[in-house]
2 protein chains.
Amino acid sequence: MVARLLIVEDDPALAELLVWHFEAEGYAVTQTSDGEEALLLAAEEAPDAVILDWMIENVPGIEVCRRLRRAPETANVPIIMLTARGEEEDRIRGLETGADDYVTKPFSPRELIARLAAILRRTRPALAGKTLRIEDLELDPVAHRVRRAGQEIPLGPTEFRLLQHFLERPGRVLSRGQLVTGVWGHDSDIEERTVDVQIKRLRAALNITGGKDLIRTVRSAGYSLG
Amino acid sequence: MVARLLIVEDDPALAELLVWHFEAEGYAVTQTSDGEEALLLAAEEAPDAVILDWMIENVPGIEVCRRLRRAPETANVPIIMLTARGEEEDRIRGLETGADDYVTKPFSPRELIARLAAILRRTRPALAGKTLRIEDLELDPVAHRVRRAGQEIPLGPTEFRLLQHFLERPGRVLSRGQLVTGVWGHDSDIEERTVDVQIKRLRAALNITGGKDLIRTVRSAGYSLG
DNA sequence: AACGATTGTCACAGAACTGTCATGCAACCG
DNA sequence: CGGTTGCATGACAGTTCTGTGACAATCGTT
């Protein structure tokens with residue numbers, strides 16, 4: 001699941017710079033320089049966040065912000081406003097109009113990215129990079145949910161911990177001993193063969209949708225995911 | 001509904017200024033100049049937000065931020081960091097450590113207030129009197145009413161607080177311990193099993209209309225809404 | 001003080017989960 | 001190819017965890 005971003009920026013050079021940076025961060029970016037078009041795009045595409053310059057064509061940024069907040073389908077989208085004007089009154093007005101953050105030019109793209117990430121952590125925890133993925137499998141540690149190809153997969157507590165352990169170490173072969181200490185705990189007196197059984201159960205659960213086996217058995221060494 | 005604020009600020013003059021301004025805005029303010037004490041206060045009082053100076057006694061602000069994020073009791077509290085250092089690297093580091101905003105001195109108190117309000121709009125919509133919704137369920141924090149599919153549902157005080165707590169954290173799995181501190185208060189000596197019983201009562205109340213169960217049990221972890 | 005509503009705790013039943021074992025198959029080795 | 005080692009699987013009994021009804025204590029009102 002990729003976060004979609006709408007950038008509303010008038011200045012071609014800055015727009016290009018922003019698009020480049022955010023795409024490099026893995027965002028799916030749409031860009032426009034026009035306020036009216038921004039409203040249409042926001043309603044159609046339902047982006048996960050909007051970067052909005054104060055000075056743009058047709059409609060002032062603050063008015064776009066206000067209208068986004070008023071329309072039910074966009075009322076909750078996070079908005080970061082950009083401006084060349086450093087006036088305190090403007091910043092406060094922007095924030096009070098419903099912007100989530102207000103960044104003054106010149107700014108560092110990395111800081112803007114960090115600020116967006118901070119906001120997405122709140123509004124879309126699943127998009128903030130906490131979700132663990134491999135191929136069509138995703139695990140959300142906050143919601144305690146696992147999906148394969150979009151379909152929810154119910155897992156028991158041990159299966160869940162085991163899968164999370166693997167997803168945090170993708171591609172790496174883990175011995176049964178490592179898995180016992182990592183998943184069951186240092187002080188557990190579990191038979192190493194028990195790992196086999198949990199692996200089997202996890203495999204069965206992950207394959208109810210019919211996909212290929214994601215867990216690789218490495219003979220006389222252990223198991224790995226992917 | 002009054003928002004509680006923890007201000008962690010070393011400089012007496014600035015601390016006094018901030019306390020004055022935020023109390024004038026209607027916040028219930030606690031203030032300390034010490035990092036260790038800040039962590040204790042945050043755990044005990046469960047404030048709705050923390051204003052955290054980078055340079056404070058005993059523990060650097062960034063370390064306080066990190067520890068707040070790590071402890072389950074305070075992992076979710078919004079944090080605004082303050083600093084005299086305008087370095088881009090610091091700002092990015094602060095935001096990536098888990099701060100929600102990062103304000104450089106000198107700043108205007110009004111802007112800080114506006115930034116805090118912007119964050120609280122996201123994290124505690126109920127404080128602003130905004131109706132909380134999920135699917136066909138809505139909770140009006142002002143009128144203290146809950147409806148499901150338009151029909152009013154009578155709830156006891158504890159059930160109401162529990163539901164509001166869930167609605168402010170949709171989808172998130174909350175452990176019984178987190179629920180006890182969040183709903184009953186840090187100083188309550190409630191059995192964790194009691195949570196089960198209130199969950200059952202809340203479920204029964206929400207399902208009188210016959211809809212599906214909105215509360216999900218996550219075995220060995222806790223409960224979540226949606 | 002009396003009353004009903006609300007709440008915390010407990011005991012118990014049922015459900016879900018887990019570790020272990022026996023067995024059979026597959027991979028490896030000379 | 002026969003022997004050996006390692007892994008997968010199904011069964012199962014024990015354990016852990018959750019849902020529920022009952023009940024007494026507490027709270028808030030009248």
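Computed from heavy atoms alone, side chains included, the values below leave out hydrogens, waters and symmetry copies. Residue numbering restarts at 1 for every chain, and letters A, B, ... go by the order of the sequence lines.
In this structure Arg193(B) satisfies the side-chain contact (heavy atoms from CB on, under 4.5 Å) test together with Arg176(B), Asp196(B), sequence neighbours excluded. With sequence neighbours excluded, no residue forms a side-chain contact (heavy atoms from CB on, under 4.5 Å) with Ala46(B). Arg147(B) is linked by a side-chain contact (heavy atoms from CB on, under 4.5 Å) to Glu138(B), Arg145(B), Glu152(B), counting only residues two or more places apart in sequence or in another chain. Residues passing the ring-ring contact (aromatic ring centres under 6.0 Å, His included) test with Phe166(B), sequence neighbours excluded: none. Scanning for side-chain contact (heavy atoms from CB on, under 4.5 Å) contacts around Ala49(B) gives Leu5(B), Pro78(B), Leu116(B), Leu120(B), with sequence neighbours left out.
Running 5' to 3' along DNA chain C, contacts with non-hydrogen atoms of chain B at under 4.0 Å begin and end at dT6(C) to dC17(C).
For residues 21-30 of chain A, the pairs satisfying side-chain hydrogen bond (donor to acceptor under 3.5 Å, both in side chains) are Thr30(A)-Glu45(A), with sequence neighbours left out. Sorted by first and then second residue, the ring pair (Phe, Tyr, Trp, His ring centres under 6.0 Å) pairs with a member in residues 178-226 of chain A form an empty list; sequence neighbours excluded.
Ring planes of Tyr102(B) and Trp54(B): perpendicular class, angle over 60° (limits at 30 and 60°).
End-to-end axis angle of the helix from dA1(C)-dT30(D) to dG30(C)-dC1(D), using five pairs per end and rounding to 10°, comes to 40°.
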**Message:** Walk along nucleotides 21-29 of chain D from 5' to 3' and tag each nucleotide B, S or - by protein heavy-atom contact under 4.0 Å, base first, then sugar-phosphate.
**Reply:** BB-------
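Listed by residue number, the members of residues 169-193 of chain A with any heavy atom below 4.0 angstrom from DNA chain D are Arg176(A), Arg193(A). Contacts between residues 203-226 of chain B and DNA chain C, defined by a heavy-atom separation below 4.0 Å, involve Arg219(B), listed by number.
At whole-Å resolution of the value, CG in Leu202(A) and P in dT9(D) are 13 Å apart.
Panel note: side chain Ser175(B), backbone Gln178(B); a donor-acceptor pair is recorded below 3.5 Å.
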